[in-house]
Amino acid sequence: MLPDGAPEVIETVRAVLRDVLGISAERAAAFREETPLFGALPELDSMAVAGVLTELEDRLGILIEDDDVDGDTLETFGALTRFAQAKALG
Amino acid sequence: MIGHFDWAGGREAMLRLGPDAGAVVIVALPAFEEANRTRTFAVTVMRALATGGIGSVLPDLPGTNDSLMRTEDATLAGWRAAFAAAARATGARWSVAIRSGALIDAEAELAGRWQLAPQDGAGLCRELDRLRQAGSGASDDTVEIAGNRVSGALLDELRPAVPSTARVVRLASDAQPADLKLDGPPLWRRAEPDNDPGFAAVLARDIAAWIGG
């Protein structure tokens, strides 16, 4: 079943970050709109970014072109969820 | 127990667990970095199978793990031939493949195939392209992807490859179709290798029931 609403997409993004980065459910649950990601989470290096994007594709049934992603896409949890929502929900 | 098997291109090591008599499954790890991330987990599944009386083998493919072949000399044809030879040598009749390991069992003579979150060649190559851009980049005919030197020829072989027909198990979080969906972590994504013995036991039960059925 594909996530079909904004709250589901947010929880999918949260679960992807938890699973790819191997961080605790408590830590992932504490992510808010303004929580900084890239540059702030030591686990989120450039390789992990590739894993996050690919796992988002699998779970949301979307395709992410490299041109779609820029330095701001993973700046905060809110930026990443807005990006995922735009892709998944159109 | 570490053993060896011979194939047309040489000799490779393999890990063998469980009883000598009875059913034997042969395990295919994913290609490249995901192999490192899933090896411990795969061996945990093998130990769980052994507890249930099912033997298993995990062959090194040419150019991977302890193989003497250089990684950049590896080919998909070589992996498939070596995997088929290992299955023949050990009497393995069932394959258990994780992710892109599902691309490797094509030539083995098997009674059945079981796949966890199988990934086709197109998906694998798209992911490798993304990793390559995240990393250092290319040289002449080989590219370096997350520390693996990979030949362009191997990527050309992998790109159109698709998994054989199999019993497909996927994670509940995965949107793609499957015969069975289970709650579990995508260990192949973890930056640091991790394990989940509870999930391994669940998978081993499904594999044992599938072989028995």
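Side chains are part of it too, since the values below use all heavy atoms of this structure and drop only hydrogens, waters and symmetry mates. Chain letters run A, B, ... following the sequence lines, proteins first, then strands; residues in each count from 1.
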Greater than 12 external heavy atoms within 6.0 Å of Leu68(B)'s CG:
no
Per-residue contact mode, Leu63(A) against chain B (heavy atom under 4.5 angstrom):
side chain
Interatomic distance, CD@Glu65(A) vs CZ@Arg130(B), rounded to 0.5 Å, equals 8.5 Å
For Glu34(A), I'd like to know if atom CD has over 12 heavy atoms of other residues, nucleotides or ligands within 6.0 Å.
yes
Indicate yes or no: at least one non-hydrogen side-chain atom of Arg126(B) is less than 4.5 angstrom from one of Thr54(A).
no
On a heavy-atom basis, the closest approach of Gly51(A) and Arg189(B) is O-CD, 3.9 Å
Looking at Arg170(B) and Asp58(A), is there a salt bridge between them, counting it only when a charged N and a carboxylate O are closer than 4.0 Å?
no
Whether Arg190(B) side chain and Asp19(A) backbone form a donor-acceptor pair below 3.5 Å:
yes
Count the heavy atoms of every other residue, nucleotide or ligand shown that sit under 6.0 Å from CG of Asp70(A), and state whether that count exceeds 12.
yes
